[in-house]
Peer 1: 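Once you've had a glance at the structure underneath, I'll fire off some questions.
In what follows, chains carry the letters A, B, and so on, assigned in the order in which the sequence lines appear, proteins first and then strands, with residues in each chain numbered from 1.
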There are 2 protein chains.
Amino acid sequence: MAATPLFRRIDVAPAYQKVADAIEREIINGRIKPGEPIGTEQQLVAQFGVNRSTVREGIRVLEEGGLIRRDSSRRLQACLPRYNKLATRLSRALILHEVTFRELFETSMTLEIASVEGAVERATEENIAELAGNLARSADVVGNPADLAELDAEFHVLMAKASQNRVLQLAREPAAQLFFPTTEMIVGGVPEGGARLVEAHRHILDAIRRRDKEAGVLWTRRHLQDWRRGFEKIASLDRSVEHTYMEHAYAARQ
Amino acid sequence: MAATPLFRRIDVAPAYQKVADAIEREIINGRIKPGEPIGTEQQLVAQFGVNRSTVREGIRVLEEGGLIRRDSSRRLQACLPRYNKLATRLSRALILHEVTFRELFETSMTLEIASVEGAVERATEENIAELAGNLARSADVVGNPADLAELDAEFHVLMAKASQNRVLQLAREPAAQLFFPTTEMIVGGVPEGGARLVEAHRHILDAIRRRDKEAGVLWTRRHLQDWRRGFEKIASLDRSVEHTYMEHAYAARQ
DNA sequence: CTTATCGGTTTGTCCGACAAAGCTAGATTT
DNA sequence: AAATCTAGCTTTGTCGGACAAACCGATAAG
């Protein structure tokens, strides 16, 4: 151990970072509530006593972090970070780490089962109505892989929502964003794939309605295993989530 | 449905965003690999034909997103986004959404069990050695809540690592960052709390060694339920993860 | 009451500048 | 000759000022 230092460590964080931190603190500890304005750049310049360029760099940091956004008129305001935006970043991180579909599948299995269990326990009438609406639309486009894949992703989001557990909603999102874009290829590649998917959704919703946890888990498991079988016809589970898949997810998102 | 539009939607993204997107694309699709230099600000100014202020705003966006960082000499280089940094953002999002400890607990239970199952199946000798090292250190500080809490968090990170599933590692991180800071208060507030914690870790590690999934799950469940009982002595599970807890997590991180 | 117009703000971008810190390579010392 | 020092060049962080375009609010015109 070294001797007790005479001086405290000097803070050498660049000014733009300090600006970002200062604003962030006010939002995190609730002094600025979501929706409230932060002030104009000019005001921030005056308050912090730094140049506008510096303020703007700080603002970019917070904007990217999802803590502030610009409303219709581009004025700054605090906001609730949206899961989706952050989850997108995480998904990209997963891509760069070259995770495999096996990892993705295993984790999604865990999270979707937790999701359906929560939904069976706590889904409200409104949740069930949303799921039913999704199911009806799915039945209409059973022959169209692209539309069906989109509705499938939505079905699982709604299921997570029905679980009333926001932490779970958040935790499943990054994996889901990588997982579900492949649904289109799989449904398109397997005859009867679309019908099986809708059938599974129907049973899951039915289980949620009847508060039958066992059935919900069973059909969710079958549903995901269908995905897996379909996927293995196209590629190896141990292949990394390639950039090609990412581009697919990308195109769908924009 | 509207008629087919005559014109494509005109692109109005600000220049700094385009700069960020352009660099991001190069990294995501692998043309720039992690560790490779991006170039100096001056070079980017020349390549994109925009002002340096604009380039710098774009850089801040990417930096915050974790796609690029500055090395020792502050030169820009691509990098693998760190889970931790992104997870921190997500944790903050959870705070702002005022999630409850019940949600946190339920999801953590799911993820930690998945984690131990993976570890039992696939832990390497090295993983086990790391866990054993952690356990030994924990036994030494069993009377010190702060140190023990930190080692507990590490134990669970190592367990997730031992599962060899990076998606799972990532998915559990945001919840864990909110969950484990409370360990200190709980261990400190419950007599024998520290001993029970180390005991549970010992059994979990033992189960991983023996590849005994049932025992691993059992002890993980007990371990978390201990946390829950301890927590309920201090506060209600249905209370939101208050800013006070966040500040706690914050202080520990910095 | 709706529409058009006109300043005043605010943002996005640009230009130029400078101190501090890092790097490079030639000069100096041992 | 090898190690060290030094001076100069580069790069980053910050600053000040500037301007066009978009936006807001209010007033004037139909």
Peer 1: Is B/Glu63 salt-bridged to B/Arg60, cutoff N-O under 4.0 Å?
Peer 2: yes
Peer 1: Tell me, please, which residues at least two apart from A/Arg102 pass salt bridge (Lys or Arg N to Asp or Glu O under 4.0 Å).
Peer 2: A/Asp238
Peer 1: Please work out if A/Arg70 contacts a base, only the sugar-phosphate, or nothing of the nucleic acid, heavy-atom cut-off 4.0 Å.
Peer 2: sugar-phosphate
Peer 1: Taking DNA chain C as the partner, which of residues 46-55 of chain A come within under 4.0 angstrom of it by heavy atom?
Peer 2: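 Those residues are A/Arg52.
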Peer 1: Assign A/Arg75 to base, sugar-phosphate, or nothing according to its heavy-atom contacts below 4.0 angstrom with the strands shown.
Peer 2: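 Sugar-phosphate, backbone atoms only, no base.
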Peer 1: Keeping to residues at least two apart or across chains, list the ring-ring contact (aromatic ring centres under 6.0 Å, His included) pairs with something in residues 28-47 of chain A.
Peer 2: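 Qualifying pairs, neighbours excluded: none.
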Peer 1: Is the number of heavy atoms from other residues, nucleotides or ligands within 6.0 Å of CD (A/Glu150) greater than 12?
Peer 2: no
Peer 1: Could you tell me from which nucleotide to which nucleotide of DNA chain D, 5' to 3', there is an atom under 4.0 Å from chain B heavy atoms?
Peer 2: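 Result: D/dT11 to D/dT14.
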Peer 1: What are the residues of residues 58-66 of chain A, sorted by number, that bring a heavy atom to within less than 4.0 Å of DNA chain C?
Peer 2: A/Arg60
Peer 1: Count the heavy atoms of every other residue, nucleotide or ligand shown that sit under 6.0 Å from CD of A/Glu36, and state whether that count exceeds 12.
Peer 2: yes
Peer 1: Which residue, B/Leu170, B/Val167, B/Leu168, forms the side chain to side chain contact (heavy atoms under 4.5 Å, CB included) with A/Val99?
Peer 2: B/Val167
Peer 1: What are the two closest non-hydrogen atoms of B/Ala93 and A/Pro81, and how far apart are they?
Peer 2: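 Taking B/Ala93 first and A/Pro81 second, the nearest heavy atoms are CB-CB, 3.8 Å.
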Peer 1: Going by the rule ring-ring contact (aromatic ring centres under 6.0 Å, His included), which residues pair with B/Phe179 if we only count those two or more places apart in sequence or in a different chain?
Peer 2: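 Only B/Trp227 meet the ring-ring contact (aromatic ring centres under 6.0 Å, His included) criterion with B/Phe179.
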Peer 1: List in chain and number order the residues that pass side chain to side chain donor-acceptor pair (under 3.5 Å) with B/Arg166, two or more places apart in sequence or in another chain; answer none if no residue qualifies.
Peer 2: A/Glu103
Peer 1: If you look at every heavy atom in A/Gly65 and A/Leu86, which pair is closest and at what distance?
Peer 2: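 Heavy atoms only, the tightest pair is O-CD2, 3.9 Å.
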Peer 1: Among residues at least two apart in sequence or on other chains, which ones pass side-chain contact (heavy atoms from CB on, under 4.5 Å) with B/Glu106?
Peer 2: A/Arg122, A/Asn165
Peer 1: Does A/Lys85 have any side-chain contact (heavy atoms from CB on, under 4.5 Å) partners at least two apart in sequence or in another chain, and if so, which?
Peer 2: A/Glu64, A/Arg82
Peer 1: Say you draw a straight line from CD1 of A/Ile32 to CZ of A/Arg25; how long is it, rounded to the nearest 0.5 Å?
Peer 2: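 The CZ atom of A/Arg25 is 11.5 Å from CD1 of A/Ile32, to the nearest 0.5 Å.
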Peer 1: Taking all atoms of both residues into account, what is the closest heavy-atom pair of A/Pro34 and A/Leu80, and its distance?
Peer 2: CG-CD2, 3.8 Å
Peer 1: Which residues satisfy the side chain to side chain donor-acceptor pair (under 3.5 Å) test with A/Arg172, sequence neighbours excluded?
Peer 2: A/Glu112
Peer 1: Please figure out whether A/Tyr16 or A/Arg74 has its closest DNA chain D nucleotide nearer the 5' end.
Peer 2: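 Result: A/Tyr16.
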Peer 1: Check DNA chain D against residues 31-42 of chain A and give the residues with a non-hydrogen atom under 4.0 Å, in numerical order.
Peer 2: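 DNA chain D contact set from residues 31-42 of chain A: none.
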Peer 1: At a heavy-atom distance below 4.0 Å, which nucleotide of DNA chain C is the first touched by chain A, and which is the last?
Peer 2: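 The contact span of chain A on DNA chain C goes from C/dT10 to C/dT13.
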